[in-house]
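Accompanying notes for the structure given below.
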2 protein chains.
Amino acid sequence: MLRLSTKGQYGVRAMYEIARGYPATPVTIKEISERQDVSVAYLEQILNKLRKAGLIKSIRGPGGGYILNRSADKISIASILNELEGPVALTSCLEPEGGCVRIDSCVTHLLWKALGEQVEAFLKTITLKNLMAGDFYALGGTAKKEMRRPVRLKPQSQP
Amino acid sequence: MLRLSTKGQYGVRAMYEIARGYPATPVTIKEISERQDVSVAYLEQILNKLRKAGLIKSIRGPGGGYILNRSADKISIASILNELEGPVALTSCLEPEGGCVRIDSCVTHLLWKALGEQVEAFLKTITLKNLMAGDFYALGGTAKKEMRRPVRLKPQSQP
DNA sequence: TAAAACCCTACCGTTTTTGTCAAGTATTAT
DNA sequence: ATAATACTTGACAAAAACGGTAGGGTTTTA
Ligand code: FES
Ligand code: FES
């Protein structure tokens with residue numbers, strides 16, 4: 001239940017690789033492909049979307065590649081997934097176009113809405129920088145920043 | 001992104017209808033079908049799963065129908081969705097069988113795991129009883145039910 | 001014994017996902 | 001200038017998941 005598409009998964013992993021080169025070194029698709037084990041052709045589609053969304057920019061020609069368009073602490077996981085999978089909308093009734101006629105009498109509508117907001121809030125608090133550092137914060141609803149409890153996750157080893 | 005299947009959605013709405021008859025009145029598939037606007041044949045599949053999972057029981061023959069197997073405050077939304085859509089697993093790597101070889105070196109694995117646990121925790125705190133009463137807290141949203149004083153559930157467990 | 005109501009499972013059209021492929025365009029090094 | 005590098009774009013297709021339908025059963029009650 002609630003499966004994330006591979007585009008979303010690969011996208012975040014690709015952004016992680018690009019973030020590692022920031023701000024000095026453009027990272028090529030080929031490098032990302034080798035490090036994250038995703039085909040070049042598929043990555044092209046993914047990175048294209050992310051570029052059009054302004055999350056990364058590209059440098060063509062030899063020595064080129066992709067670099068972040070802004071620093072890693074200003075790019076949330078939510079912003080990446082939003083571009084690749086569209087906004088969080090657990091039901092079609094919740095989509096911007098929506099147009100469900102049952103909406104006012106629907107028992108579950110507010111429940112799905114609340115859950116979606118919960119997910120979105122979580123993903124918004126986590127940036128590429130957090131991902132690189134392995135620092136996640138457990139979101140505590142309306143909890144203030146000083147009330148957040150940092151959870152240190154195991155550092156990642158690189159292949 | 002993160003779409004819930006119709007089976008899951010209809011399942012919760014069907015359980016809501018069955019809960020309304022608890023404990024005295026069995027609710028027939030036909031009634032659920034009419035009230036929630038879902039075909040009888042499709043509901044049969046859904047209710048069958050929920051019955052096998054022990055969430056509801058059925059009474060055959062005329063005057064029969066479905067009733068809850070335990071009280072509404074002991075049936076969480078999570079338990080319903082788990083039966084109809086399987087456990088929350090945002091990636092295939094997170095599934096019980098799983099078997100991803102990259103798991104130890106994967107940058108994002110713990111992120112998806114954390115998000116999945118967040119969702120599961122949220123859905124576990126909300127029961128059918130909460131759903132019937134409209135008593136759940138919409139994070140960052142507008143709880144636009146009656147003027148009843150909203151009871152704040154704790155979507156997140158802070159260890 | 002007939003009607004009400006649940007039980008089972010096979011099937012099937014559509015959509016989404018998950019990519020591949022081929023033919024570009026832009027930039028730089030030499 | 002030319003070759004090599006690297007991003008750009010659109011078309012396409014296999015495979016899986018989704019969202020049901022169909023049609024036969026069985027059990028229970030009046
Ligand atoms: S069915 Fe559309 S809002 Fe519930
Ligand atoms: S790719 Fe399997 S755990 Fe990340």
Side-chain angles (χ1 to χ4, degrees), chain A residues 1-11 13-14 17-18 21 25-34 36-69 81 84-86 89-93 95, chain B residues 1-11 13-14 17-18 21 25-34 36-69 81 84-86 89-93 95:
Chain A
M1 132 192 199
L2 291 184
R3 187 65 49 93
L4 221 51
S5 79
T6 57
K7 269 203 171 83
Q9 296 176 48
Y10 296 167
R13 279 157 61 190
E17 292 297 335
I18 296 171
T25 316
V27 182
T28 69
I29 286 190
K30 191 158 176 251
E31 287 168 333
I32 299 172
S33 169
E34 282 163 0
Q36 292 294 334
D37 201 28
V38 178
S39 85
V40 168
Y42 201 22
L43 279 172
E44 281 171 347
Q45 284 181 34
I46 294 169
L47 295 183
N48 221 296
K49 280 193 175 186
L50 296 177
R51 180 182 53 81
K52 282 176 180 166
L55 264 48
I56 53 180
K57 54 187 168 187
S58 61
I59 299 174
R60 299 170 83 135
Y66 290 90
I67 59 176
L68 297 189
N69 212 5
L81 293 182
L84 296 173
E85 314 208 8
L90 272 65
T91 69
S92 57
C93 314
E95 272 178 304
Chain B
M1 133 193 198
L2 290 185
R3 187 65 48 96
L4 221 52
S5 77
T6 56
K7 270 203 172 79
Q9 297 176 48
Y10 297 167
R13 280 157 60 191
E17 292 296 335
I18 297 171
T25 317
V27 182
T28 69
I29 287 190
K30 192 159 176 248
E31 286 167 333
I32 300 172
S33 169
E34 284 162 0
Q36 292 293 333
D37 200 28
V38 177
S39 83
V40 168
Y42 201 21
L43 278 172
E44 277 173 349
Q45 286 180 37
I46 294 169
L47 296 183
N48 222 308
K49 281 193 175 184
L50 297 176
R51 179 181 52 82
K52 282 175 180 165
L55 263 48
I56 51 180
K57 54 188 167 186
S58 60
I59 300 174
R60 300 171 84 137
Y66 290 92
I67 60 176
L68 296 188
N69 212 3
L81 293 182
L84 295 174
E85 314 209 6
L90 271 64
T91 70
S92 58
C93 314
E95 273 177 304

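This is a predicted model, so every value here is computed, not measured. Throughout, protein chains are lettered first and strands after them, A, B, ... in sequence-line order, and every chain is numbered starting at 1. In what follows, every heavy atom counts, from backbone to side chain, and hydrogens, waters and symmetry copies are set aside.
Considering only heavy atoms from C-beta on, B:Tyr42 comes within 4.5 Å of B:Thr6 through its side chain.
What separates CG of A:Leu50 from P of D:dC7 is a distance of 14 Å, to the nearest Å. Rounded to an integer number of Å, the gap from A:Ile59 CD1 to C:dA29 P is 12 Å. With rounding to whole Å, B:Ile32 atom CD1 is found 12 Å from C:dA5 atom P.
At least one donor-acceptor pair closer than 3.5 Å links the side chain of B:Glu85 to the backbone N or O of B:Ser5.
Which of D:dG20, C:dT27, D:dG19 sits closest to the side chain of B:Tyr10 comes down to D:dG20. Ranking C:dA5, D:dG19, C:dG19 by closeness to the B:Thr28 side chain, first place goes to C:dA5. Across D:dT21, C:dC6, C:dG19, the shortest atom-to-atom separation from the side chain of B:Ser58 is found for C:dC6. Nearest nucleotide to the A:Ala41 side chain, out of D:dT8, C:dC21, C:dT18: C:dC21.
Residue A:Arg60 places a side-chain atom within donor-acceptor reach of the base of C:dT25, judged by atom type and a 3.5 Å distance cut-off alone. Donor-acceptor pairing under 3.5 Å, judged by distance alone, is present between the side chain of A:Gln45 and the base of C:dT20. For B:Glu44 against C:dC6, a side-chain-to-base donor-acceptor contact under 3.5 Å is absent.
A pairwise comparison of heavy atoms in B:Val38 and B:Tyr10 identifies CG1-CD1, 3.6 Å as the closest pair.
Interatomic distance, A:Leu68 CG to A:Lys57 NZ, rounded to the nearest 0.5 Å: 10.0 Å.
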